Amino acid sequence: MNDAPIGVYDSGLGGLTVWREIRRVLPDESLVYLGDGKNCPYGSRPREEIRRLADEAVGRLVEAGCKLIVVACNTATAAAIDFLREKYAGVPIVGMEPAVKPACLATRSRVVGVLATERSLDGDLFRHTAARYGEGIEVLMVPGRGFVELVESDREETPEAEACVRAAVEPMLERGADQIVLGCTHYPFLLPVLRRVVGDRGVTIVDPSPAVARRVVQLLDRYGLRASPTHRPTCEFLTFADEAYRRRLEQKALASL
Ligand code: DGL
């Protein structure tokens with residue numbers, strides 16, 4: 001038993017899509033969410049810089065006494081997960097899985113679309129996963145240009161968002177993709193628009209966050225880290241930006257439940 005919180009980290013608001021899944025499957029656990037905010041978006045920054053930012057953030061969550069940390073950011077996972085696991089070896093760290101495997105297993109058209117940030121797509125994690133599971137399958141990797149900015153500025157339900165999503169997704173649909181993987185934790189906030197763009201073409205949109213939450217449950221059980229039955233769970237929100245941003249994190253989190 002361990003009543004310490006689980007830490008969840010992202011460059012900004014996106015990791016809340018993972019936070020809400022963890023909250024759903026582990027309602028008795030305390031959570032600390034850190035949305036950097038000050039340096040978001042990470043998506044086109046150099047890898048070394050992302051590693052430094054992730055180090056600072058995970059260090060802050062370790063300081064806050066977290067018993068397990070989820071890097072709810074594909075970009076930071078791709079750039080820094082090995083480094084973080086080595087540096088903070090005393091704390092289990094869960095990273096994002098690109099979800100290319102389930103999409104490749106499920107595709108019937110043998111065309112899979114992957115949406116993610118530029119830095120995720122040119123990193124080894126995505127490329128190796130696609131090479132490993134995508135044999136004989138066309139894996140189309142397309143950066144979600146402008147997606148993160150739309151979510152960070154609460155414009156995910158606007159005509160501008162629809163145009164942006166259409167520009168990235170239409171070419172995938174034209175190639176016959178029947179699976180579209182959301183490889184960035186900000187993107188599930190664009191699901192209503194994505195569904196409109198995809199329409200009734202029988203396309204499955206794959207969001208890896210429920211699988212990440214299940215992995216957290218597994219690790220808590222493996223290491224005997226579940227909160228005690230008498231524990232009263234709390235949710236805390238931290239940021240490297242200002243108090244207004246911290247409040248936005250809190251409001252968006254509660255609205256997402
Ligand atoms: N939400 C993040 C991801 O999953 C990062 C987005 C960004 O900051 O560019 O990749």
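Atoms within a ligand are numbered from 1 in the order they appear, just like the ligands themselves. Along the sequence shown, the residues carry numbers beginning at 1. What you see is a predicted model; the values in this text were computed from it and never measured.
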Would a distance-only check, ignoring hydrogens and angles, find a side-chain to backbone donor-acceptor pair under 3.5 Å from Asp10 to Leu16?
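No; judged by distance alone, with no hydrogens or angles, the pair does not exist.
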
Tell me whether Arg195 contacts the main-chain N or O of Pro192 through its side chain, where contact means a donor paired with an acceptor under 3.5 Å.
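Not a single qualifying donor-acceptor pair exists.
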
Looking only at side chains, do Thr107 and Asp178 share a donor and an acceptor under 3.5 Å apart?
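Yes, side-chain donor-acceptor contact under 3.5 Å.
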
Hydrogens and angles aside, do Tyr223 and Asn2 bring a side-chain donor and acceptor to less than 3.5 Å of each other?
no

Gap separating the NZ atom of Lys101 from the OH atom of Tyr133, nearest 0.5 angstrom:
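One gets 4.5 Å once the value is rounded to the nearest 0.5 Å.
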
Would you list the pairs meeting ring-ring contact (aromatic ring centres under 6.0 Å, His included) in which at least one residue belongs to residues 231-257, sequence neighbours left out?
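Qualifying pairs, neighbours excluded: Trp19-Phe237.
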
List the protein residues in contact with ligand 1, where contact means a heavy-atom separation under 4.0 angstrom.
Asp10, Ser11, Cys40, Pro41, Tyr42, Gly43, Cys73, Asn74, Thr75, Thr117, Val148, Cys184, Thr185, His186

